[in-house]
Enquirer: 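Sharing a structure, written as structure tokens. Questions coming.
Reminder, nothing fancy here: chain letters follow the sequence lines and each chain counts from 1. The basis for the numbers below is simple: all heavy atoms, side chains too, and nothing from hydrogens, waters or symmetry mates. As the structure is a computational prediction, the values presented were derived from the model and not from experiment.
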There are 2 protein chains.
Amino acid sequence: MLGMLRDAASGYDLRRAFNGGPRQFWVAELSQIYPTLQRMERVGWLTSRREPSARGPARRVYRRTAAGARELHAWLRSQPDIGPERLAYIGQIAFMGELRDLRSTLRFLTLLRDYFEALTGTLGFAGAAPGQTPERTDRLDDDAFHELLCVRVGARSLQGKIAACDEAISLVRAQLSRKRHQKEATRD
Amino acid sequence: MLGMLRDAASGYDLRRAFNGGPRQFWVAELSQIYPTLQRMERVGWLTSRREPSARGPARRVYRRTAAGARELHAWLRSQPDIGPERLAYIGQIAFMGELRDLRSTLRFLTLLRDYFEALTGTLGFAGAAPGQTPERTDRLDDDAFHELLCVRVGARSLQGKIAACDEAISLVRAQLSRKRHQKEATRD
DNA sequence: AACCGCATGTAACTCGTTACATGATTCC
DNA sequence: GGAATCATGTAACGAGTTACATGCGGTT
């Protein structure tokens with residue numbers, strides 16, 4: 001949120017920002033955004049002031065203080081922030097053998113693939129188009145260049161996941177047809 | 001944890017299981033494992049009994065009930081469980097333009113790449129080796145086959161992330177050398 | 001005697017979610 | 001008049017973390 005507050009914005013604005021682009025990398029509800037903004041104001045990273053809205057009730061608009069900028073830049077200069085990943089669907093795959101039903105596994109992997117495939121469509125942080133080949137990056141300023149970088153990393157990672165599903169799907173198909181052959185051989 | 005409890009195990013055993021293999025897909029501390037086992041016993045998915053330990057104090061060994069198995073299998077048969085992903089490092093990349101220091105970005109991406117690279121080494125659920133090409137999967141039973149599937153999906157996804165870092169790194173390098181040239185041109 | 005690995009737990013706290021409460025303005 | 005959008009919040013709960021408390025048994 002500190003990063004998003006390069007320009008002044010309200011909690012409601014931030015939610016819109018979370019819903020377009022970063023949605024895939026970070027989700028946040030209003031009920032989390034508002035208290036967090038209040039806390040960041042208390043510790044001095046933000047200031048706020050009420051402003052009349054173009055339409056609707058008055059807004060509380062936040063902006064970053066010098067201390068907030070220091071905090072953000074310290075985070076950016078520190079190590080990659082790699083929290084504990086929790087991929088429940090990997091666990092599902094691991095234990096799915098218990099179902100003794102490869103067709104169920106196949107359906108599962110196809111759904112997973114479709115989900116990732118659908119995500120690639122929604123990719124696109126701010127102005128950077130997802131499929132766009134990054135030629136002429138020299139025209140971009142630092143901010144736009146890093147946004148593009150972010151989108152490209154996201155897109156490539158997603159491609160990797162789709163490839164992972166594809167490989168798994170073909171492994172399952174192979175296993176399925178092998179089992180069919182074994183069955184026929186037994187019958188003969 | 002229900003999935004892991006195919007054979008009876010204690011909380012301490014489960015922690016060991018979390019630390020070897022699934023560590024990359026799911027992390028859990030003892031202080032989360034113990035209360036969760038207690039809760040699952042309360043709702044009837046597990047039963048427990050104390051057993052003397054080969055060395056050390058008495059253990060509480062849990063096993064899955066029929067209700068627990070039903071619950072697990074319902075989860076396995078349901079949709080892929082895709083919780084909200086929260087990748088803070090993607091956010092760092094997105095806002096790193098503010099530092100106005102491409103060299104810092106390059107260092108960051110290299111660290112990220114190294115981290116993913118290191119993870120590939122630790123991959124390997126139970127008996128399935130990571131680099132192992134999945135030929136002769138016909139010899140595997142359903143459980144072993146799905147464990148292999150799980151490892152392959154993890155490995156491929158990781159490869160995608162490494163490729164994503166590599167692409168970003170080369171983009172930054174290109175941008176850096178372009179900036180150098182511009183500087184020289186300005187000086188001339 | 002000190003330490004390590006085995007073993008089980010509790011307490012306090014943070015983070016995040018769902019659900020609820022409220023009210024202004026605009027468009028149909 | 002009613003619905004949708006704009007706008008800000010609180011309450012209750014669940015999930016997860018760090019830190020703490022306790023104690024057995026074997027090795028150095």
Enquirer: CG of B/Leu30 versus P of C/dA11: gap in Å, rounded?
Expert: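 Checked: the CG to P distance equals 17 Å.
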Enquirer: How long is the line joining CD1 of B/Ile33 and P of C/dT10, in whole Å?
Expert: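 Rounded to whole Å, this separation is 15 Å.
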Enquirer: Do the non-hydrogen side-chain atoms of B/Phe116 and B/Cys165 ever get within less than 4.5 Å of each other?
Expert: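 They are in side-chain contact.
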Enquirer: May I ask you to say whether B/Glu85 pairs ionically with A/Lys161, meaning some side-chain N is under 4.0 Å from a carboxylate O?
Expert: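 Looking at B/Glu85 and A/Lys161, the cut-off is met.
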Enquirer: Separation of B/Arg15 atom CZ from D/dT18 atom P, in whole Å?
Expert: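 To the nearest whole Å, that distance equals 13 Å.
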Enquirer: Measure from CZ on B/Arg50 to P on D/dC24 and round the result to the nearest Å.
Expert: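 The distance from CZ of B/Arg50 to P of D/dC24 comes to 12 Å, rounded to the nearest Å.
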Enquirer: Tell me whether the side-chain N/O atoms of A/Ser53 come closer than 4.0 Å to OP1 or OP2 in D/dA7.
Expert: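 A/Ser53 to D/dA7 OP1/OP2: side-chain N or O found under 4.0 Å.
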Enquirer: Phosphate oxygens OP1/OP2 of D/dT17: is one of them under 4.0 Å from a side-chain N or O of A/Arg86?
Expert: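 Result: yes.
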Enquirer: What pair of heavy atoms forms the shortest contact from B/Phe108 to A/Leu76, and how long is it?
Expert: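 The pair with the smallest heavy-atom distance is CD1-O, 4.3 Å.
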Enquirer: Does B/Thr105 form a side chain to side chain contact (heavy atoms under 4.5 Å, CB included) with A/Phe145? I'd like the steps, not just the answer.
Expert: CA-CA 11 Å; B/Thr105 305; A/Phe145 176 72; 5.7 Å; no
Enquirer: Is B/Glu41 salt-bridged to B/Arg60, going by a charged N under 4.0 Å from an acidic O?
Expert: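 No.
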Enquirer: Should A/Asp142 and B/Lys179 count as an ion pair when the cut-off is N to O under 4.0 Å?
Expert: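 Yes, charged N to carboxylate O under 4.0 Å.
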Enquirer: Name the pairs: protein N/O against N/O of nucleotides 20-28 of chain C, kept only if under 3.5 Å.
Expert:
none

Enquirer: Under 4.0 Å between a side-chain N or O of A/Tyr34 and OP1 or OP2 of D/dG9?
Expert: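 No, because none of the side-chain N or O atoms of A/Tyr34 sits under 4.0 Å from OP1 or OP2 of D/dG9.
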Enquirer: Does the side chain of B/Ser31 get closer than 4.0 angstrom to OP1 or OP2 of D/dT18 through an N or O atom?
Expert: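 Negative; the distance criterion is not met.
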Enquirer: What is the separation between atom OH on B/Tyr62 and atom C1' on C/dA7, rounded to the nearest whole Å?
Expert: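 These atoms are roughly 12 Å apart.
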Enquirer: Does D/dA7 have OP1 or OP2 under 4.0 Å away from a side-chain N or O of A/Arg16?
Expert: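 Looking at the OP1 and OP2 atoms of D/dA7, one of them is under 4.0 Å from a side-chain N or O of A/Arg16.
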Enquirer: Which nucleotide, C/dT10, D/dG16, D/dG9, lies nearest any side-chain atom of B/Trp26?
Expert: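 So the nucleotide nearest the side chain must be D/dG16.
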Enquirer: Would you say A/Arg39 reaches C/dC15's phosphate, i.e. side-chain N/O to OP1/OP2 under 4.0 Å?
Expert: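 For C/dC15, OP1/OP2 do have a side-chain N/O of A/Arg39 under 4.0 Å.
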Enquirer: Give the C-alpha distance, both sets of side-chain angles, the deciding distance and a yes or no for side chain to side chain contact (heavy atoms under 4.5 Å, CB included) between B/Arg113 and B/Leu109.
Expert: CA-CA 6 Å; B/Arg113 203 216 114 101; B/Leu109 289 169; over 6 Å; no
Enquirer: Using a cut-off of 4.0 Å on non-hydrogen atoms, how would the nucleic acid contact of B/Ala28 be classed: base, sugar-phosphate, or nothing?
Expert: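 Nothing, no nucleic acid heavy atom in range.
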Enquirer: Which of the following nucleotides, D/dT10, C/dT10, C/dT8, is nearest to the side chain of B/Gln38?
Expert: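 In terms of side-chain proximity for B/Gln38, the closest of D/dT10, C/dT10, C/dT8 is C/dT10.
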Enquirer: With a 4.0 Å limit, can you tell me whether A/Gln32 has a side-chain N or O closer than that to the phosphate oxygens OP1/OP2 of C/dT17?
Expert: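 Answer yes for this pair, as a side-chain N or O of A/Gln32 is under 4.0 Å from OP1 or OP2.
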Enquirer: Does B/Arg59 put a side-chain nitrogen or oxygen below 4.0 Å from OP1 or OP2 of C/dA7?
Expert: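 Yes, B/Arg59 has a side-chain N/O under 4.0 Å of OP1/OP2 on C/dA7.
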Enquirer: Are any of the side-chain nitrogens in B/Arg100 or A/Asp143 under 4.0 Å away from the carboxylate oxygens of its partner?
Expert: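 Looking at B/Arg100 and A/Asp143, the cut-off is met.
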Enquirer: What is the separation between atom CG on A/Leu14 and atom C1' on C/dG16, rounded to the nearest whole Å?
Expert: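 So the two atoms are 17 Å apart, to the nearest Å.
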Enquirer: C/dC6 C1' sits how many Å from B/Glu51 CD, rounded?
Expert: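 Result: 15 Å.
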Enquirer: How close or far is atom P of D/dA7 from atom CG of A/Asp13, stated in whole angstroms?
Expert: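 From A/Asp13 CG to D/dA7 P: 7 Å.
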